[in-house]
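Just below is one structure, and these are the notes that go with it.
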Amino acid sequence: ATEGADLPPREFFFEHSRSCSIISENWKEVRTGNRDWTLYNLSNDPFETTDIASEHPERLAQMSASWQTWAMANHVLKPEQKKGKKKSKK
């Protein structure tokens, strides 16, 4: 990026332990364990207090698909695959 220039839009993906999320524009989608995804509009709800997933099913589906694509490309295990997963000894 050059000084003073806007950065191109991009998505940010997170995965830690049994939680995962994606931030895209002003939207954040979060999932913990095997629970359903939750969706927040960070412009209106920066503290993520109100899940609006049921009000924006198209956005939820698009972001979930983006996260799944990223997870597959980066060999991220699904939360249910981590439960009880033991490292193999070599």
Side-chain angles (χ1 to χ4, degrees):
T2 59
E3 189 174 329
D6 290 334
L7 294 173
R10 57 189 170 168
E11 296 177 318
F12 297 93
F13 300 90
F14 305 89
E15 183 274 335
H16 177 71
S17 187
R18 294 186 43 122
S19 298
C20 49
S21 66
I22 174 176
I23 297 175
S24 180
E25 298 173 357
N26 295 322
W27 298 90
K28 183 175 181 183
E29 184 179 62
V30 179
R31 184 179 68 197
T32 303
N34 293 329
R35 297 181 185 157
D36 291 336
W37 286 100
T38 56
L39 182 67
Y40 306 96
N41 183 325
L42 298 176
S43 295
N44 303 328
D45 184 15
F47 298 106
E48 303 170 25
T49 61
T50 306
D51 177 13
I52 56 173
S54 63
E55 298 171 30
H56 300 277
E58 312 84 24
R59 169 66 67 173
L60 188 74
Q62 180 269 321
M63 290 179 72
S64 296
S66 290
W67 194 91
Q68 185 63 33
T69 299
W70 172 82
M72 293 291 289
N74 291 282
H75 309 288
V76 174
L77 294 175
K78 295 178 185 177
E80 59 271 16
Q81 291 172 311
K82 291 182 179 186
K83 188 176 184 179
K85 181 92 173 154
K86 294 182 180 178
K87 292 182 180 179
S88 62
K89 295 180 181 179
K90 291 186 179 186

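Positions are given from 1 along the sequence.
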All heavy atoms of Cys20 vs all of Trp67, minimum pair found to be CB-CZ2, 3.3 Å
Which value, rounded to the nearest 0.5 Å, describes the distance between Asn41 atom CG and Glu25 atom CD? 10.0 Å
How many angstroms lie between CG in Asp45 and CG in Asn26, if you round to the nearest 0.5 Å? 12.0 Å
Non-neighbouring partners of Ser24 that pass side chain to side chain donor-acceptor pair (under 3.5 Å), sequence neighbours left out: Glu11
Check each of Phe13, Phe12, Phe14 against Trp70 using the ring pair (Phe, Tyr, Trp, His ring centres under 6.0 Å) test, and report the only one that passes. Phe13
Result block: side-chain N/O donor-acceptor pairs under 3.5 angstrom for residues 51-59, not counting sequence neighbours:
| residue | atom | partner | partner atom | Å |
| --- | --- | --- | --- | --- |
| Asp51 | OD1 | Leu39 | N | 3.0 |
| Asp51 | OD1 | Ala53 | N | 3.0 |

In chain order, what residues pass the side-chain contact (heavy atoms from CB on, under 4.5 Å) check against Glu48, with sequence neighbours excluded? Lys28, Val30, Tyr40, Leu42
Within the 3.5 Å criterion, strictly below it, is a donor on Thr38 or Glu29 matched to an acceptor on the partner's side chain? no
